[in-house]
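Here's the structure we're looking at; comments come further down.
Numbered from 1 within each chain, the chains take letters A, B, ... in sequence-line order.
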There are 2 protein chains.
Amino acid sequence: MNNLSTRLLDAFLALVETRHFGLAAQRCHITPSALSQMISRLESQLQVRLFDRDTRNVSLTPEGETFAQGVARITHELQSTLKMVHDRQHKKTGRVRLAAPPSLAADWLPQRMARFRQQYPGVTLCLSDVVSDRCLEMLRQGQADIGINAQPGNPLEFDSCQLFREPMYVLCRTDHPLAQRKRVHVRELRHQPFIHTTRDGSVWQHAQPLVLEAGVVDTGLEVTQLATLSGLVAHGFGISLVPQFALALCNRSDVIAIPLADRKVARPMYLVRLRQQSLSVAAQAFYDLLREG
Amino acid sequence: MNNLSTRLLDAFLALVETRHFGLAAQRCHITPSALSQMISRLESQLQVRLFDRDTRNVSLTPEGETFAQGVARITHELQSTLKMVHDRQHKKTGRVRLAAPPSLAADWLPQRMARFRQQYPGVTLCLSDVVSDRCLEMLRQGQADIGINAQPGNPLEFDSCQLFREPMYVLCRTDHPLAQRKRVHVRELRHQPFIHTTRDGSVWQHAQPLVLEAGVVDTGLEVTQLATLSGLVAHGFGISLVPQFALALCNRSDVIAIPLADRKVARPMYLVRLRQQSLSVAAQAFYDLLREG
DNA sequence: GTCAATTACGTTCTCCGTAAGGATG
DNA sequence: CATCCTTACGGAGAACGTAATTGAC
């Protein structure tokens, strides 16, 4: 029985403002007869007389006055909500939270973020540069919408597609025997002192079996920052492996990066999202940009 | 086109909470089919997909999430407004503003206010004790809902009905020649020094022509408070006229009040309200109490 | 195969418009 | 008597229920 519609409330407000059935009906694009019936329905549903009216005069009752104040608040909230939803739908507002490895967060991803921002300046872009394990965790806990990760995660839980395969490079001093080479094979790293990156990062997880198999010497060094890594290399503590997009972060005049010839050593990079939860309109647009653009 | 109803919003909220069409439909007392259609209508009106759903799972989209928050606020405002109107209708809340002369504000009116308050304790009763001119002015400016006044005001503007006629009394010292009399006629006040009440009060306006005609002596004294009046009388500055309900306010052992025999000198008292503006439910109830009870 | 959401379709009911009615200045 | 709100009545369309369909596990 108790059912109010926005049409009813709008008609009520129109009559409140005009105090005239004819004008109010005109504003609502209905006939005065229909408006009269609507007001009657409203009054019978509320069980309150809202207007004192005869053929000459229309005025609010005190109860109608209080109702009008409430309706004003309600329609304000309603319009605000509709606008919010509409704006999100048209990417005039919104938020996209990204989780990506430091190597891509440095340049590759910001480049695409800038393109997206230009098209949808109202959408907030949040970027977390995270190591591999943390990336999937942020997605799982709803702290990120889109992840970029070397591991695709559990297919039941995550929807992943490969973006590209990132070639790996050997990082060594410019005076290192390998420094003059155009390409290097993994097996040539045998007996080389090796500096690891942190073990929860994808480089470690991906390269560890390969370099161990190749017979590198463990220096016991394990660092997080690529700048630290290149610094250790520069001062002769050993060599290391870095992915292509991380090269810019360890660029020093006294170290050099040699591409690894082994194709299979290239690190895959996946675009990852939760399978159960759909993306917001803005996040979906950014997802499409990464996947296709 | 854009038309939302509370049924639609309630159905939406039910589905948000249950995440299950069957249960939500049960809560709304409709079939799952109807609920499905309602959600579809809602989504097409907003042009936003609100739920991700298949036969196994129902979950909000991010846009549905924001809409749900808005709807929660809207329904809260709506319920609050409906309750407010309902409470006013049933006199669980409300306000009645009264304007009455000091004589009636002292006892006669509070007595009825107490009776009303007992029945409708939630209704706030505001009382202004005002002189005659101010009473109609407060009604006119919407500062009072109900007036009690010796003047009915302009019949086009005010709706007035007489409550009673209040007998007038001569106030004099106990050692005054008239003090022993059971009744006094106006004409017997000839040559008596007379103390006036303030000229914007009804006593002055009502009694002035009569006492002047009778030939009283003007003392030049004109007071507002009845306690001042009785004090002046007690100290021999003259006599005065007071209405019956004001007697309690000038009760002193050294003054005495003698009823005026002239019936036409009795002061009429009107229940007054604005004609154009209807009373609130609470005010109407109090009006009826005064008029009939 | 079973369970749940959706679609198809028929019925009911709401809601609006036209036209007549009634009240007020 | 003119104006404006209201009532009466009929038709168009919305909304719900029943039943068949689709889809996921």
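When rounded to the nearest whole Å, the span between CG of Leu156(A) and C1' of dC25(D) equals 13 Å. The separation between Leu15(B) atom CG and dA5(C) atom P is 8 Å, rounded to whole Å. Taking atom CZ of residue Arg275(A) and atom P of nucleotide dA24(D), one finds them 13 Å apart after rounding to whole Å. Atoms CZ (Phe51(B)) and C1' (dA5(C)) sit 13 Å apart, rounded to a whole Å. Remark: P of dC5(D) and CD1 of Ile30(A) are 12 Å apart, rounded to the nearest angstrom. Between Leu35(B) atom CG and dA5(C) atom P there is a gap of 9 Å when expressed in whole angstrom units. For the pair Leu42(A) CG and dT6(D) P, the computed distance is 13 Å after rounding to whole Å. Atom pair Gln37(B):CD and dC9(C):P shows a separation of 13 Å (rounding to whole Å applied).
At a cut-off of 3.5 angstrom, counting only N and O atoms as typed in the model, there is a donor on one side and an acceptor on the other between the side-chain of Ser33(A) and the base of dT18(C).
As judged by a 4.0 angstrom heavy-atom cut-off over every strand, Arg56(B) is placed among the base-contacting residues.
For Arg7(A), a side-chain nitrogen or oxygen approaches OP1 or OP2 of dC16(C) to under 4.0 Å. OP1 or OP2 of dT6(C) lies within a sub-4.0 Å distance of a side-chain N or O belonging to Ser36(B). Close to dC4(D), at under 4.0 Å from its OP1 or OP2, lies no side-chain N or O of Arg53(A). Neither OP1 nor OP2 of dT6(C) sits under 4.0 Å from any side-chain N or O of Arg41(B). Between Thr55(B) and dG23(D) there is no side-chain polar atom (N or O) within less than 4.0 angstrom of OP1 or OP2.
If you find the closest nucleotide of DNA chain D to Asp54(B) and to Arg19(A), the one lying nearer the 5' end belongs to Arg19(A). Each of Leu23(B) and Met38(A) has a nearest nucleotide on DNA chain C; the 5'-most of these lies closest to Leu23(B).
Checking each of His90(B), Lys91(B), Lys83(B) against Asp87(B) for a side-chain hydrogen bond (donor to acceptor under 3.5 Å, both in side chains) leaves exactly one that passes, namely Lys83(B).
For Thr81(B) and Glu77(B), the side-chain atoms include no donor-acceptor pair closer than 3.5 Å.
For Phe21(A), whose side chain is taken as the heavy atoms from C-beta onward, the closest listed nucleotide among dC5(D), dG17(C), dA5(C) is dC5(D).
A salt bridge does not link Arg275(B) with Glu157(B): every distance from a Lys NZ or Arg NE/NH1/NH2 to an Asp or Glu carboxylate oxygen is 4.0 Å or more.
Leu4(A) has its side chain within reach of Leu42(A): a pair of non-hydrogen atoms, C-beta onward, lies under 4.5 Å apart.
A ring-centre distance under 6.0 Å is found for Phe12(A) and Phe67(A).
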